[in-house]
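Data block below; observations after.
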Amino acid sequence: MSLTGVSSSNADVFGVPFVELLEFPIEREAALSVTAALCRRHHLLPIAREGATLVVAMADPDDILALDDVAAATRLRIRRVAAEPSDLANAIDRFHRADDELSDLSNTLVEQSDVPDLEDGPAEDDDAPIVRFVNLLISQAVQDRASDIHVEPGERALRVRYRIDGVLAEVQSVPTNIQAGVISRLKIMADLDIAERRRPQDGRINVMHAGRKIDLRVATLPTVHGEKVVMRILDTSGSARTIGDLNMVGKNFEAFRAGYTRPNGMILVTGPTGSGKSTTLYTAIQEVSNPSINVITVEDPVEYRMSGINQVQINSKAGLTFASALRSILRSDPDVVLIGEIRDHETAQIAIEAALTGHLVLSTLHTNDAPSAVTRLVEMGIEPFLVGSALVTVVAQRLARKLCDRCKKPTEYDEDYLAKIGLLIEEDETVYVPVGCTSCANTGYRGRIAIHEVMTITEEIERLTVNRSSASEINKVAISQGMISLRQDGWNKVCLGLTSIEEVLRVIV
């Protein structure tokens, strides 16, 4: 076959052709003809086979030992091509997950009669099987874009699950006789007390992955079969999100922007845990933050550090609660205040008063839709006339998995079914379904998008609030005034080819 994607301009670097791996159609069978361990050790990947010749992309085509190892493993002639190291690393990650290496390591640990007991102190040897096993678990999770790692002890096995795009998936199940070593290693990395197994503990792990700094927030929980460890992955080196990354379209974007660009008032973002509320607030803060205004946040905990703003972390043991922190913040001359969550009457009262006295207040609340946020504040004991006066905009949101751009496939649905679920498809619109490929780990989805419902507090809605009207009455008026419901915004994003019908129905009841 002829090598499409080969650049002759870079051929002189190593005296061999140069391949743009992002454009080159890598043959799966060729890529898997060499083990993952060998590919990672020598930074290479077979990309095509021409009869008895294997075309191998290499970061260093002059590495004779690597060529000998590949030739010995495949018993084929080797044809070298050069590739960009970063593109090569991404290609290796696509075709070679760490699962096989993790399985080999767990088998090695089980076969060893002296499984290391890490309770005597941290393992110093980075090549120790337990250390490599834990490092691979974390590395694979970051590579898979997981948000959480669950290490769960069971009666017969230690189960490892990743939460990817909001859905948990099992990636490893290993025998229980390495359980103590794995959990102790994680506790040591998080600087936790490895001798304490009867009470929950919290800690933090900092690691580097592909030149990026990754923070992991660690929580242990004693269960009947041992300690469960959950690690929340926080990529602190990622570029700041822009308002465009929120996928707000049309009226929703205009209404939200009109809210956060005001000098005062309260903006609430509502939704269940894990629906991206904090990300939306951080993005709004990023938009309004500049050297001429004082931005202060109070959070529990501070998940993402942002430059140019003052972030306060709640510490209940020291008496620093949302309410007490807010009182101090309001004496610190703020222009914009971000409150991680409104949980009680006291916090809600101070936040409302701050919004009425010239501050822009942003916060989150746990409600299913935007109109319910109004009634929830009233139920917390806030006077309805204060809620109506202070509240400016309410955003309800959910996170849906985004279709993989490489493998999504157009399809047609039965018209009766579409009418039943309320989806109207125009002639120039196409609905896609997930397929699955190496780029999305065969799930059909890669990444997530937000689905929004943005309600602006108009005079009529303020009047309904003062009259203590129900959330359903407020909802009817808001929709009559142009509010797009969560379900309708989901259908809009289905018609844009961003997600699937099934995914919208999964996240929006």
Side-chain angles (χ1 to χ4, degrees), residues 35-37 40 96-164 166-207 209 214-233 274 441-443:
T35 65
R40 288 196 170 94
H96 289 291
R97 293 171 52 82
D99 300 10
D100 294 338
E101 197 171 347
L102 283 168
S103 298
D104 293 342
L105 274 174
S106 64
N107 292 335
T108 301
L109 286 166
V110 171
E111 291 167 3
Q112 290 178 347
S113 58
D114 56 341
V115 176
D117 184 0
L118 297 182
E119 296 182 8
D120 297 330
E124 299 295 337
D125 185 4
D126 287 342
D127 291 327
I130 281 283
V131 176
R132 287 172 54 211
F133 183 86
V134 170
N135 289 347
L136 273 173
L137 280 182
I138 296 173
S139 176
Q140 185 64 60
V142 175
Q143 177 188 315
D144 285 353
R145 300 168 292 102
S147 60
D148 301 86
I149 307 171
H150 292 242
V151 181
E152 304 169 320
E155 186 178 358
R156 295 183 178 84
L158 178 71
R159 180 171 66 167
V160 179
R161 295 191 290 172
Y162 295 160
R163 186 177 294 279
I164 303 172
V167 178
L168 275 172
E170 185 172 330
V171 293
Q172 280 292 316
S173 182
V174 296
T176 54
N177 53 348
I178 70 169
Q179 173 180 313
V182 171
I183 292 175
S184 294
R185 173 61 184 167
L186 288 169
K187 290 172 73 174
I188 287 165
M189 292 174 71
D191 200 21
L192 302 178
D193 182 358
I194 59 174
E196 178 57 73
R197 302 189 189 93
R198 297 170 298 178
R199 62 181 178 85
Q201 298 185 68
D202 296 313
R204 213 172 182 104
I205 297 174
N206 298 313
V207 297
H209 177 85
I214 307 293
D215 282 358
L216 295 97
R217 203 174 71 216
V218 182
T220 68
L221 180 70
T223 70
V224 292
H225 296 299
E227 288 179 283
K228 172 185 169 80
V229 180
V230 177
M231 292 171 278
R232 168 64 58 88
I233 300 173
N442 292 314
T443 63

Q: Determine which pairs satisfy salt bridge (Lys or Arg N to Asp or Glu O under 4.0 Å) with at least one residue from residues 217-226, sequence neighbours left out, and list them in order.
A: R217-E303
Q: Please answer whether the main-chain N or O of N135 pairs with a side-chain N or O of S139 as donor and acceptor at a distance below 3.5 Å.
A: no
Q: Apply salt bridge (charged side-chain N to carboxylate O under 4.0 Å, His left out) to R199 and list each qualifying residue two or more places apart in sequence or on a separate chain.
A: E196
Q.
With heavy-atom distances below 4.5 Å as the criterion, would you say the side chains of M189 and V134 are in contact?
A. yes
Q) With R163, which residues qualify under salt bridge (charged side-chain N to carboxylate O under 4.0 Å, His left out), at least two apart? A) none
Q | Under 3.5 Å donor-acceptor, Q179 side chain and H225 backbone | A | yes
Q.
Do E227 and K187 have side chains that approach each other closer than 4.5 Å (heavy atoms only, starting at C-beta)?
A. yes
Q) How many angstroms lie between atom CG of L221 and atom NE2 of H150, to the nearest 0.5 angstrom? A) 11.5 Å
Q) With sequence neighbours excluded, what pairs up with P222 under the side-chain contact (heavy atoms from CB on, under 4.5 Å) test? A) P200
Q) Shortest non-hydrogen contact from L136 to Y162? A) O-OH, 4.4 Å
Q | Minimum-distance pair of heavy atoms, taken over all atoms of A219 and D202 | A | CB-OD1, 3.5 Å
Q | Contacts of N206 that satisfy side-chain contact (heavy atoms from CB on, under 4.5 Å) - sequence neighbours left out | A | K213, D215
Q: Specify the closest pair of heavy atoms between P153 and V151, including all atoms of both residues, with the distance to one decimal.
A: CD-O, 3.7 Å
Q: Please name the pair of heavy atoms, one in T176 and one in E155, separated by the smallest distance, quoted to 0.1 Å.
A: CG2-O, 4.0 Å
Q | Residues that E152 engages under side chain to side chain donor-acceptor pair (under 3.5 Å), provided they are two or more places apart | A | R159, R161, K228
(Q) Please enumerate all residues that pass side-chain contact (heavy atoms from CB on, under 4.5 Å) together with T35, with sequence neighbours excluded. (A) A37, L38
**Q.** side-chain contact (heavy atoms from CB on, under 4.5 Å) partners for A190, two or more places apart
**A.** L192, I205, V218
Q: Specify the closest pair of heavy atoms between I233 and A146, including all atoms of both residues, with the distance to one decimal.
A: CD1-O, 3.5 Å
Q.
Tell me the closest heavy-atom pair linking L216 and V207, and the distance in Å.
A. CD1-CG2, 3.7 Å
**Q.** Distance in Å, I188 CD1 paired with I194 CD1, rounded so as to fall on 0.5 Å steps
**A.** 4.5 Å
